[in-house]
Amino acid sequence: MKEIDARGLACPAPVLHTKATLDQEKPAGVRVLVDNAASQENVKRFLESQGFATVLERSAGDFVVVGRCGAAPAPAGQPAARPAAESNKIMVMCATDRIGFGDDHLGVKLMVNFLRTLKEMGPELWRLVFVNNGVKLAVDGSEVLEELKAYERAGLKILVCGTCLTHFNLLERKQVGETTNMLDIVTAMQLADKVVNL
Amino acid sequence: MCGIHIPTDENVLVGLERADDAGVYRVSATLALIQTVDFFTPVVDDPYWFGQIAAANALSDVYAMGGVPKTAMNLVAFPVKEMDLSILRRIIQGGLDKMSEAGVVLVGGHSIEDKELKYGLAVTGFVHPDRVLTKKNLVPGDRLVLTKPLGTGIINTAVKAGMAPPELAEKVMRLMAALNRKACEAMARFDVHACTDVTGFGLLGHLAEMVSGSGAGVRLFAKQVPVFPEALGYAAMGLIPAGAHKNREFREAMVAFHDAVDRPLRDVLFDPQTSGGLLISVGAAQAGELLKALGDAGVAPSAEIGEVLPGPEEKIRVE
């Protein structure tokens with residue numbers, strides 16, 4: 001894996017740096033370090049335009065883009081990259097961070113297990129939406145963060161309610177998914193073939 | 001300015017609390033002053049073009065309020081020890097030529113020494129107090145018209161990266177230097193309810209300002225928005241100014257994109273513009289005639305890009 005250090009450079013320099021390395025060395029994989037989110041996003045787009053599959057990471061204050069040439073082989077235990085389902089689109093909406101009533105401790109465990117098992121739906125799983133207390137599953141410290149990130153990498157669109165993040169003062173701590181609004185959620189419900197509410 | 005008390009008086013028609021394109025002060029029952037100031041660091045390498053663009057950009061705020069610019073003052077920050085004064089002369093000449101095109105007279109200015117070159121204008125314009133156009137008057141049923149194509153921020157980034165051909169760079173330079181004067185004159189004859197100019201926040205950022213507090217919503221027809229096609233290609237490659245990402249993060253909670261609107265187009269809709277076009281909200285019955293008038297005045301490619309809806313409030317649906 002070729003490492004490119006583009007920290008301290010402003011847009012569009014990190015993209016040009018990455019392009020130069022790709023042009024000259026044609027590496028199968030790159031790890032690009034930048035120091036701001038905008039450059040990270042730009043390098044990700046550039047690598048994807050060149051046929052790389054990308055993963056975004058944070059490392060000690062730096063922003064990292066890891067790119068692998070060709071379709072990325074799905075890491076073990078993670079859902080494989082898949083085309084958007086066209087036959088049956090299932091939207092799962094989590095309005096809570098635990099399943100059911102009774103024992104809260106058990107409820108939390110069940111939710112973690114549910115989200116880990118959700119990949120068994122396969123390509124029909126189309127949207128995963130978090131609202132109200134559910135947004136806490138998408139912020140740092142969440143037990144299922146890695147699983148959710150793996151879903152996102154595999155192409156699942158995860159929507160996280162912006163009003164709810166703001167309400168809980170968690171906007172800065174969101175780690176996965178797109179910040180969304182009620183109109184997006186309602187539109188998704190309309191387009192989905194099946195909506196599962198938790 | 002949060003937390004600072006700003007005194008006002010009854011003749012302040014548009015002040016700081018409105019955060020509009022310019023301030024407006026009533027002098028008499030038939031005359032109000034429009035005042036605005038804008039300056040920035042070079043967006044192009046050629047000093048003469050930079051002067052024109054900076055002037056067109058500063059004058060634009062007066063046009064966006066529906067006014068006529070009358071006088072201007074130069075604002076200059078110049079690294080006099082490192083740069084030849086002939087560069088400054090070219091910049092000021094560019095600004096002056098743009099002012100004469102606008103029928104504006106230069107009445108003064110101020111310059112300071114600075115490590116980084118900056119140029120712009122403080123502009124004063126006239127408007128009838130009853131004809132002031134602000135951002136905040138969208139009426140459900142209105143049509144939205146944009147008078148310049150988008151993508152200048154992305155293309156300037158590609159120019160900086162050495163990846164845009166010189167012909168394209170020049171085309172974009174001419175567009176940024178084009179005054180919004182004709183667009184303003186054309187819209188004066190119609191039932192225009194609100195107007196702003198598209199600059200640093202990008203089309204969606206400025207539209208978000210218009211829709212905030214309006215009690216209305218907006219539907220944008222993404223495919224009808226005039227854009228430089230090259231900008232879509234550069235955006236797909238990640239040649240995107242940091243400002244576009246900031247604009248998106250700031251406003252994405254107000255915007256719902258249809259799945260068919262692909263990522264490069266979304267980036268262009270958030271792309272910060274320098275001296276962009278006017279964004280006009282006009283009564284539906286007159287939208288066609290306004291477009292024709294803009295076309296006749298040579299303001300091209302203007303286009304109808306969306307409509308104002310009764311709701312959902314403060315949301316922009318991009319289709």
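Because the structure is predicted, anything quoted here is derived from the model rather than measured. Naming: A, B, ... by sequence-line order, numbering from 1 per chain.
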Side chain to side chain contact (heavy atoms under 4.5 Å, CB included) evaluation trace for A:Lys149 with A:Val55: CA-CA 9 Å; A:Lys149 284 182 177 174; A:Val55 176; over 6 Å; no

Intermediate values then yes/no, side chain to side chain contact (heavy atoms under 4.5 Å, CB included), B:Leu265 and B:Asp262: CA-CA 6 Å; B:Leu265 184 51; B:Asp262 63 9; 3.4 Å; yes

Verdict with supporting geometry, A:Ser39 and A:Asn36, side-chain hydrogen bond (donor to acceptor under 3.5 Å, both in side chains): CA-CA 6 Å; A:Ser39 295; A:Asn36 66 83; 3.1 Å; yes

Side chain to side chain contact (heavy atoms under 4.5 Å, CB included) between A:Leu9 and A:Val34, intermediate numbers included: CA-CA 8 Å; A:Leu9 301 176; A:Val34 292; over 6 Å; no

Steps toward side chain to side chain contact (heavy atoms under 4.5 Å, CB included) verdict (A:Val129, A:Asp184): CA-CA 10 Å; A:Val129 183; A:Asp184 258 344; over 6 Å; no

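The 12-atom threshold is not exceeded at CE of A:Met182, counting heavy atoms of other residues, nucleotides or ligands nearer than 6.0 Å. When the shell of 6.0 Å around CG of B:Asp45 is examined, it contains 12 or fewer heavy atoms from other residues, nucleotides or ligands.
Salt bridge annotation for B:Asp259-A:Arg127: present, with a cationic side-chain nitrogen under 4.0 angstrom from a carboxylate oxygen. Looking at A:Lys119 and A:Glu147, no side-chain N of the basic residue comes within less than 4.0 Å of a carboxylate O on the acidic one, giving no salt bridge. B:Lys171 and B:Glu167 are not joined by a salt bridge, as no carboxylate oxygen comes within less than 4.0 angstrom of a charged side-chain nitrogen.
B:Met254 touches chain A through its backbone: at least one of N, CA, C or O sits under 4.5 Å from a heavy atom, while the side chain does not. Both the backbone and the side chain of A:Thr179 come within contact range of chain B, judged by heavy atoms closer than 4.5 Å. Looking at B:Ala244, neither its backbone nor its side chain comes within 4.5 Å of chain A, counting heavy atoms on both sides.
Contact annotation for residues 199-221 of chain B against chain A (heavy-atom separation below 4.5 Å): no residues qualify. Residues of residues 309-319 of chain B lying under 4.5 angstrom from chain A, judged on non-hydrogen atoms, are B:Pro312, B:Lys315, B:Arg317 in numerical order.
Between B:Gln52 and B:Ala177 the shortest heavy-atom distance is CB-CB, 4.1 Å.
Interface summary for chain A: among B:Glu249, B:Glu252, B:His258, the most heavy-atom pairs under 4.5 angstrom belong to B:Glu252. Each of B:Ala161, B:Gly243, B:Ala242, B:Pro264 has some count of heavy-atom pairs under 4.5 Å with chain A, and the biggest count is that of B:Ala161.
Here the options are A:Leu137, A:Ile90, A:Leu156, A:Val196, the test is side chain to side chain contact (heavy atoms under 4.5 Å, CB included), and the partner is A:Leu128; only A:Leu156 passes.
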